[in-house]
Amino acid sequence: MNILLIGKGGREHAFAWKISRSKLCDKLFIAPGNPGTAQFGNNLDIDPTDFAGIEKVCNDERIDLIVVGPEDPLVLGITDFFKKNENIKIIGPSAKGAQLEGSKSLAKEFMLRHNIPTASYKKFTKETYAEGRDYISEHSLPVVIKADGLAAGKGVVICNNHIEALAEFDLMINHYKFGEAGSTVVIEQFLTGIEMSVFVLTDGKNFTLLPEAKDYKKIGEGETGPNTGGMGAISPLPFFNADLKNKVIQKIIKPTVEGFVKEDLDYKGFIFFGLMITAENEPLLIEYNCRMGDPETEVVIPRINSDLVELLMATANGNVSDIIVDVNSQTAATIVAVSGGYPGIYKTGFRISGITENSSIVFHAGTEQKNSELFTAGGRVLAVTSFGDNAQTAVEASLQTLSHIQFEDIYYRKDIGFDLK
Ligand code: AMP
Ligand code: GLY
């Protein structure tokens, strides 16, 4: 079959790497892809939100399956758009399902309706601004202020004092700090514990668990400094034992999928559950994403031994209950090499050299190829994935590969997995 993969980051390189290994895959196209995905298929210069352009490719290239990487096309309704075409299967929820990521307040309301444990919260708009100020002023600290809509991963601010919290609230509501995404603001209780992510494939009725992961979001070692899109990830997690896994399934995943059935939500694709595990070993749901994580995909996908296209077709055909996912028990670590200055201002266009893949897989996140040479083209540039018997040996293998890779102002964390010893 012919497959079209949507997206252009490290996540999509990992998907392309895996999809191209499937016995079911004849031709793979990636829109728009990157120099990494080009090793496994044909990159097409089409924006992920250009549905008409994507439809034309589907007709020209007789596409059977579309796999959507990022959230934007899903929230904008790519799945609903292709529903009219019976010959094309698509992995990713309807726009209504994607609202679980696209609107934090709708996601919270869904969690409450289905008794899914989460932080307490209240939502406010311009009309209820004064009430919002009162709510914040009386809230315990730290307090979490969230823009309701998509804000490219930047819409969450954790405030340690009330003055800062009120200022953030004012910036979001009155000064459009995150544009329309912040016209509704969610004020939330601050949760403490260990963060981790759980991923499933669901056909909207049943689900199957994929390998779990933990990502390291801060720029600095020891999880310090500003948030980034992700500086590295590890899978599996030693503390995710049978007891915790069972609690996550019973209290979070099952009620979510049962909620889809009760609410008649069309959801065929990945669900990414962002969890906080409390000191009492109880899982709380921080957020839903309607897609896989990046860089989590760069450790989750390489650990899956099963044919990914078989899993995706079972999902699209409503047969998830038949799936058995065969997983490599070794630990995978990915370390993200970023441009100096990221997540603030950084330069691009630096030549990249020294990529060898002896004991690692080097996924491209923000690269560009010119005359067969590779250049930096984004904040996150490469994600280097390796296997080991534990997080430390896997990280050491990625660090070894990274020690040969050069571009001006390269930076990466050497302590990914530091807390998993
Ligand atoms: P998001 O942009 O929604 O992925 O959230 C970014 C990060 O903010 C999460 O991964 C958490 O680390 C943190 N966060 C969000 N909500 C809370 C909360 N209620 N308590 C503590 N940390 C939170
Ligand atoms: N790594 C977090 C995300 O993909 O949202």
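We count ligands from 1, going down the list as the structure has it; atoms in each ligand are counted the same way. Because the structure is a prediction, the values reported are computed rather than measured.
Exactly one of K218, R413, K217, K214 qualifies for a salt bridge (Lys or Arg N to Asp or Glu O under 4.0 Å) with E223. That residue is R413.
Aromatic ring orientation, Y267 versus F260: parallel (interplanar angle below 30°, classes split at 30° and 60°). The aromatic rings of Y129 and F169 sit parallel to each other, their planes meeting at less than 30°, with 60° as the upper class boundary. Classification of the F110-H114 ring pair by plane angle, with boundaries at 30° and 60°, yields tilted.
Closer than 4.0 angstrom to ligand 2 sit non-hydrogen atoms from D215, G229, F272, R291, G293, D294, P295, E296.
If you look at F407 and Y346, their ring centroids are not closer than 6.0 Å.
A cation-pi contact, defined as under 6.0 Å to the ring centre and within 45° of the axis, links K414 to Y412.
The number of heavy atoms from other shown groups lying within 6.0 Å of CG (D45) does not exceed 12.
Here the side chain of E212 pairs a donor or acceptor atom with the backbone of L237 at under 3.5 angstrom.
Taking CD1 from I19 and CD1 from I30, the interatomic distance works out to 8.5 Å, rounded to the nearest 0.5 Å.
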Pairs of nitrogen or oxygen atoms, one from ligand 1 and one from the protein, closer than 3.5 Å: please tabulate them with distances.
from: ligand 1; atom 1: 3 (O); to: E287; atom 2: OE1; distance (Å): 2.4
from: ligand 1; atom 1: 4 (O); to: E287; atom 2: OE1; distance (Å): 3.1
from: ligand 1; atom 1: 4 (O); to: E287; atom 2: OE2; distance (Å): 2.7
from: ligand 1; atom 1: 10 (O); to: E195; atom 2: OE1; distance (Å): 2.8
from: ligand 1; atom 1: 10 (O); to: K217; atom 2: NZ; distance (Å): 2.8
from: ligand 1; atom 1: 12 (O); to: E195; atom 2: OE1; distance (Å): 3.2
from: ligand 1; atom 1: 12 (O); to: E195; atom 2: OE2; distance (Å): 2.4
from: ligand 1; atom 1: 16 (N); to: K146; atom 2: NZ; distance (Å): 2.9
from: ligand 1; atom 1: 19 (N); to: E188; atom 2: OE2; distance (Å): 2.7
from: ligand 1; atom 1: 19 (N); to: Q189; atom 2: O; distance (Å): 2.9
from: ligand 1; atom 1: 20 (N); to: L191; atom 2: N; distance (Å): 2.8

